[in-house]
Amino acid sequence: MLPIALLMIEHRLIEQMIVVIRKEIDRCESEGNINPEFIDAAIDFIRIYADKCHHGKEEDILFRDLHKKELPDELKGIVSELIEEHQLGRKVVRDLVEAKRKYIRGDKQALPAILDSLRYMTDFYPKHIEKEDKHFFLPCMNYFTSEEKEALLKEEWEFDKNLIHQIYKEKISAWNTNSK
Ligand SMILES: [Fe+2]
Ligand SMILES: [Fe+2]
């Protein structure tokens with residue numbers, strides 16, 4: 001199994017979540033309200049699965065090792081674009097968290113901002129995924145030996161294995177800090 005296969009399998013689940021988010025946008029637009037529980041679930045999925053777990057493996061393992069290679073300018077350019085897109089995705093989640101907080105406090109004017117963030121995600125993720133799947137992942141593999149590819153995959157499994165522990169350590173540390 002190639003290290004990119006694991007990332008591509010994760011792309012398929014992100015795509016399924018995008019379909020769910022699109023349906024919720026349609027419902028919000030027709031009924032003029034949001035389901036706060038759904039927004040929390042969407043934020044959780046995007047932050048934990050799409051960003052920490054998936055983008056985490058891309059940035060901390062694949063891109064890290066690609067930076068050590070002599071890549072052609074085109075691939076180097078795509079790596080920079082992908083990192084920028086990940087950062088923009090994080091900003092949109094922060095905007096969504098803030099807009100949802102306002103909405104919950106009674107500011108119904110925050111609804112368009114919530115919908116804008118959700119729409120951005122449903123637009124951004126499919127394009128970002130297509131760029132990686134069709135124009136980036138496979139050409140990148142040419143720069144790694146079989147042993148290096150095996151090591152990358154092993155590190156990805158290791159990353160996933162440690163993630164749940166890291167997430168809860170961070171949560172408890174944040175709760176402890178907030179309660180001081
Ligand atoms: Fe990515
Ligand atoms: Fe990806």
Side-chain angles (χ1 to χ4, degrees), residues 1-25 38-98 114-146 148-167 170:
M1 185 179 184
L2 286 172
I4 55 167
L6 199 60
L7 300 172
M8 286 167 117
I9 290 167
E10 291 172 357
H11 281 171
R12 304 292 79 81
L13 191 66
I14 296 169
E15 284 170 344
Q16 287 180 41
M17 185 58 181
I18 293 304
V19 172
V20 175
I21 294 175
R22 281 203 182 112
K23 280 188 193 150
E24 182 60 13
I25 293 172
F38 176 84
I39 302 297
D40 285 341
I43 290 168
D44 183 76
F45 179 86
I46 298 290
R47 272 193 167 159
I48 303 292
Y49 188 82
D51 197 42
K52 261 188 194 301
C53 171
H54 179 73
H55 292 163
K57 285 200 288 296
E58 289 175 346
E59 291 184 2
D60 296 355
I61 301 172
L62 180 64
F63 298 175
R64 177 204 63 199
D65 279 8
L66 278 172
H67 281 129
K68 300 172 193 164
K69 305 281 178 187
E70 285 290 321
L71 296 180
D73 287 346
E74 197 198 338
L75 280 182
K76 266 192 217 158
I78 298 182
V79 179
S80 305
E81 282 171 29
L82 294 172
I83 292 171
E84 244 172 66
E85 288 168 16
H86 290 176
Q87 284 165 352
L88 204 53
R90 286 171 196 135
K91 187 200 168 290
V92 173
V93 177
R94 288 197 296 274
D95 291 347
L96 176 60
V97 169
E98 186 49 36
I114 292 172
L115 289 172
D116 279 353
S117 296
L118 292 174
R119 271 192 220 101
Y120 180 89
M121 286 173 189
T122 59
D123 186 51
F124 156 73
Y125 272 100
K127 286 183 190 156
H128 183 81
I129 285 172
E130 190 182 348
K131 193 186 282 186
E132 290 175 342
D133 281 356
K134 298 202 174 143
H135 308 285
F136 180 69
F137 281 166
L138 271 174
C140 285
M141 288 297 95
N142 294 330
Y143 295 86
F144 295 103
T145 64
S146 309
E148 285 173 330
K149 283 185 252 192
E150 223 170 275
L152 284 171
L153 183 62
K154 203 168 160 229
E155 202 179 343
E156 288 178 354
W157 292 124
E158 224 24 54
F159 183 99
D160 282 351
K161 201 176 83 185
N162 295 329
L163 189 62
I164 185 97
H165 303 283
Q166 186 204 324
I167 289 165
E170 282 174 9

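Order of appearance sets the numbers: ligands from 1, and atoms from 1 within every ligand.
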Open item on the list: Closer than 2.8 Å to the Fe ion (ligand 2), what protein N/O/S atoms do you find?
Closed with: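 The answer is His11 NE2, His54 NE2, Glu58 OE2, Glu132 OE1.
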Task: Under 3.5 Å donor-acceptor, Lys57 side chain and Cys53 backbone - done: yes
Open item on the list: Treating Asp44 as the side-chain partner and Asp40 as the backbone partner, does any N or O pair qualify as donor plus acceptor under 3.5 Å?
Closed with: no
Task: N-O pairing of Lys91 and Asp95 below 4.0 Å - done: yes
Task: Sidechain N-carboxylate O distance under 4.0 Å for Asp123, Lys127 - done: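 Looking at Asp123 and Lys127, the cut-off is met.
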Task: Aromatic plane relationship, Phe136 with Phe63 - under 30° parallel, 30 to 60° tilted, over 60° perpendicular - done: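 Aromatic pair Phe63/Phe136 classed perpendicular.
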- [ ] Fit a plane to each ring of Phe124 and His55, take the angle between them on a 0 to 90° scale, and name the class: parallel (under 30°), tilted (30 to 60°) or perpendicular (over 60°).
- [x]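 Rings of Phe124 and His55: perpendicular, over 60°.
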